[in-house]
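Structure, as C-alpha cells:
Atom set for the values below is all heavy atoms of this structure, side chains included, hydrogens, waters and symmetry mates excluded. In listed order, ligands and their atoms are each counted from 1. By convention here, the first residue in the shown sequence is residue 1.
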Amino acid sequence: MTDRIRVEHLYKVFSDMPKAALQRLAAGATKEQVQAETGQVVGLNNVSLSVPAGAIYMIMGLSGSGKSTLARCINRLIEPTAGRILLDGDDVVAADAAHLRDIRRTRVSMVFQHFALMPHRTVFENVEFGLKLRGISARERRKKAEEILSVVGLARWGHHLPSALSGGMRQRVGLARALATDADVLIMDEAFSALDPLIRTEMQDELLRLQRTLHKTILFITHDFQEALKLGTRIAIMADGAVVREGTPQEIVTAPGSDYVAAFTREVDRSRLFDARSVMVDAAPIVVRADGTADRAGPGRAGRSFVVDDAGRLIGTIAEADLPRLQQGISARTLAAAGCATVPGHARLADIAGACSTGQPVAVIDDGGRLLGCVEPAQILARIAAPAATAPHS
Ligand SMILES: Nc1ncnc2c1ncn2[C@@H]1O[C@H](COP(=O)(O)OP(=O)(O)OP(=O)(O)O)[C@@H](O)[C@H]1O
Ligand SMILES: [Mg+2]
C-alpha cells in the first residue's frame with residue numbers, strides 16, 4: 001500500500017528562537033526538561049509516521065500530548081520547526097504560498113470539533129463554500145452539494161440555517177463540507193468529541209459506512225481509546241509531543257509496551273476486538289480428492305478430524321473412532337456427512353463464544369466455505385483475558 005502521508009522527524013517548538021530547544025530535544029531531552037531549561041513549550045518531539053492510502057489513522061493521547069499540533073502541521077495551519085511532511089511524496093513544509101493554497105483547497109480538508117460552520121449561511125452555502133473558493137460554477141456547486149448532503153443523510157436540510165440543526169446534524173454538515181471538496185485526505189480533529197454518546201456512536205458507524213465507498217485517507221484525532229479502536233486501521237499513541245506506540249488496534253492491545261499505553265487498554269472488551277482468525281489454529285484436515293481417495297494431514301482435535309475437498313472447502317468432521325472405516329472403503333464424504341459448527345473468520349469472539357461452548361472444535365471458514373482453521377474454547381478464553389497487571393500470588 002502506498003503512503004499518502006509521511007511525517008519524518010517532525011518537531012514543533014512554540015518559540016521564535018527554537019534552536020536551543022531543538023538541540024536539547026535532539027540530544028534526547030524530554031518536553032518537561034526543555035521547558036524547565038528554556039521556558040519553551042514543545043508541541044512535537046521527533047514525530048515520524050506513515051499513513052497508508054485508504055486508512056483511518058488514529059492519533060490518540062491525553063490532553064496536551066500534541067495531537068492537534070500534529071494535525072495542524074500537516075496542512076501548515078501551524079508551521080513545523082523542523083522535519084518533513086510528505087503528501088503523496090510532495091513536501092508540504094517546502095511548499096510556497098500558492099502551492100499551499102492548492103493543497104488546502106483540493107487535497108486536504110479538515111473537520112473540527114465545534115463544526116466551525118458559518119451561522120448566517122444556510123447548510124447548503126456552508127457545504128458549497130470550498131467549491132466557491134475554487135471558482136466552480138453555481139450549477140455544479142449545487143449539484144455536488146446536493147449529492148453530498150444526501151450522502152450524509154441531510155438531503156432535506158439544505159435551506160436551513162445551522163442553528164436549526166442538532167449537534168449531530170451540524171457535524172454531518174461539517175463532514176459534508178469536507179467531503180464536497182473531493183480532497184483525498186480528511187483530517188478530523190476530535191470531530192465527534194462534542195456529541196452525546198448515542199449520537200457519537202451513530203456518527204462513528206456513519207463514518208465507517210461512508211469510508212467503505214469513499215476510501216479517503218483519514219487522520220482522526222481523539223483522546224478516546226475506545227473510539228480509536230473502533231475506527232482505526234492503525235493507531236499512533238502520543239505523550240508529551242512524541243509517538244510512544246504505533247500499530248493496529250489488535251497489536252496495541254496485545255502488546256502495549258508501556259504502562260502509559262497499558263492503562264488505556266485495561267478496560268477494552270477484547271471479545272469485540274479480536275476475531276476468529278486471530279485465535280484459530282491449524283485444523284490439519286483430511287483432504288478428499290475428486291476420485292474419492294483421502295489424505296490425512298495431521299492428528300485430529302478433541303477426537304474428531306476435519307474433512308475438506310481438494311479445493312479446501314469444508315465437508316464436515318469424522319470421529320477418530322471412525323477413521324479405520326476409511327480404510328474399509330467407506331468414503332470420507334459419507335463419514336463426514338454430519339457436518340460441524342462453523343464460524344466466519346471475521347466473526348468477533350463475542351459472537352462465536354456460543355458456537356464454541358459445546359467443547360467440540362469449531363471450523364473457521366472464509367466467505368467461499370474454505371476451511372481456514374479451527375478454534376477451541378481455551379484459545380478464546382486466553383485471548384479474552386487481559387494480561388494481569390501484577391504477578392499473581394504464588
Ligand atoms: N499556540 C501555542 N502556543 C504555545 N503552546 C502551544 C500552542 N498550541 C499548543 N501549545 C502547547 O503544545 C502542546 C500540545 O498541544 P495540543 O493542542 O497539540 O494538544 P492536544 O493533544 O491536541 O490536546 P487536547 O486533547 O487538549 O486537544 C501543549 O503543551 C500545549 O500547551
Ligand atoms: Mg487538540
Heavy atom of the protein closest to [atom] (residue, atom name, distance):
{"atom": "atom 3 (N) of ligand 1", "value": "Phe14 CD2, 3.5 Å"}
{"atom": "atom 30 (C) of ligand 1", "value": "Val41 CG1, 4.4 Å"}
{"atom": "atom 24 (P) of ligand 1", "value": "Ser63 OG, 3.7 Å"}
{"atom": "atom 23 (O) of ligand 1", "value": "Gly64 N, 2.8 Å"}

Q. Checking Arg142 against Phe124: charged group under 6.0 Å from the ring centre and within 45 degrees of the axis?
A. yes
Q: May I ask you to check if Arg200 and Phe192 form a cation-pi contact, with NZ or CZ under 6.0 angstrom from the six-membered ring centre and within 45° of the axis?
A: no
Q) Is the number of heavy atoms from other residues, nucleotides or ligands within 6.0 Å of CG (Asp259) greater than 12? A) no
Q.
Asp3 vs Arg6, test: salt bridge (Lys or Arg N to Asp or Glu O under 4.0 Å). Steps then yes/no.
A. CA-CA 7 Å; Asp3 289 333; Arg6 274 182 73 85; 3.3 Å; yes
Q) With under 30° as parallel and over 60° as perpendicular, where do the rings of Phe264 and Tyr260 fit, or are they tilted in between? A) perpendicular
Relative to [atom], which among [options] owns the nearest non-hydrogen atom?
{"atom": "atom 25 (O) of ligand 1", "options": "Met238, Lys67, Arg72", "answer": "Lys67"}
{"atom": "atom 27 (O) of ligand 1", "options": "Ser68, Ser15, Gly43, Cys73", "answer": "Ser68"}
{"atom": "atom 18 (O) of ligand 1", "options": "Leu62, Ile221, Asp240, Thr69", "answer": "Thr69"}

Q.
Ignoring hydrogens and geometry beyond distance, is a side-chain donor-acceptor pair present between Gln250 and Ser278 at under 3.5 Å?
A. no
**Q.** Test item: side-chain donor near acceptor, Glu227 and Gln204, under 3.5 Å
**A.** yes
Q) Got an N, O or S from Ser68 under 2.8 Å of the Mg ion (ligand 2)? A) yes
Q: Provide the number and element of each atom of ligand 1 under 4.0 Å from a heavy atom of Lys31.
A: 13 (C), 28 (C), 29 (O)
Q | Ligand-side contact atoms (ligand 1) for residue partner Ser65, heavy atom cut-off under 4.0 Å | A | 19 (O), 21 (O)
Q) Taking 4.0 angstrom as the limit, do Glu206 and Arg172 come out as a salt bridge? A) yes
Q) Quick check: does Gly61 get an N/O under 3.5 Å from an N/O on ligand 1? A) no
Q: Could you say whether the N/O atoms of Gly66 and ligand 1 ever approach to under 3.5 Å?
A: yes
(Q) Checking contacts here: is it the side chain or the backbone of Lys12 that comes within 4.0 Å of ligand 1, counting heavy atoms only? Could be both or neither. (A) neither
(Q) Does only the side chain of His223 get under 4.0 Å from ligand 1, or the backbone, or both, or neither? Count heavy atoms. (A) neither
Q.
Can you pull out every ring-ring contact (aromatic ring centres under 6.0 Å, His included) where at least one residue sits in residues 34-90? Sequence neighbours excluded, please.
A. none
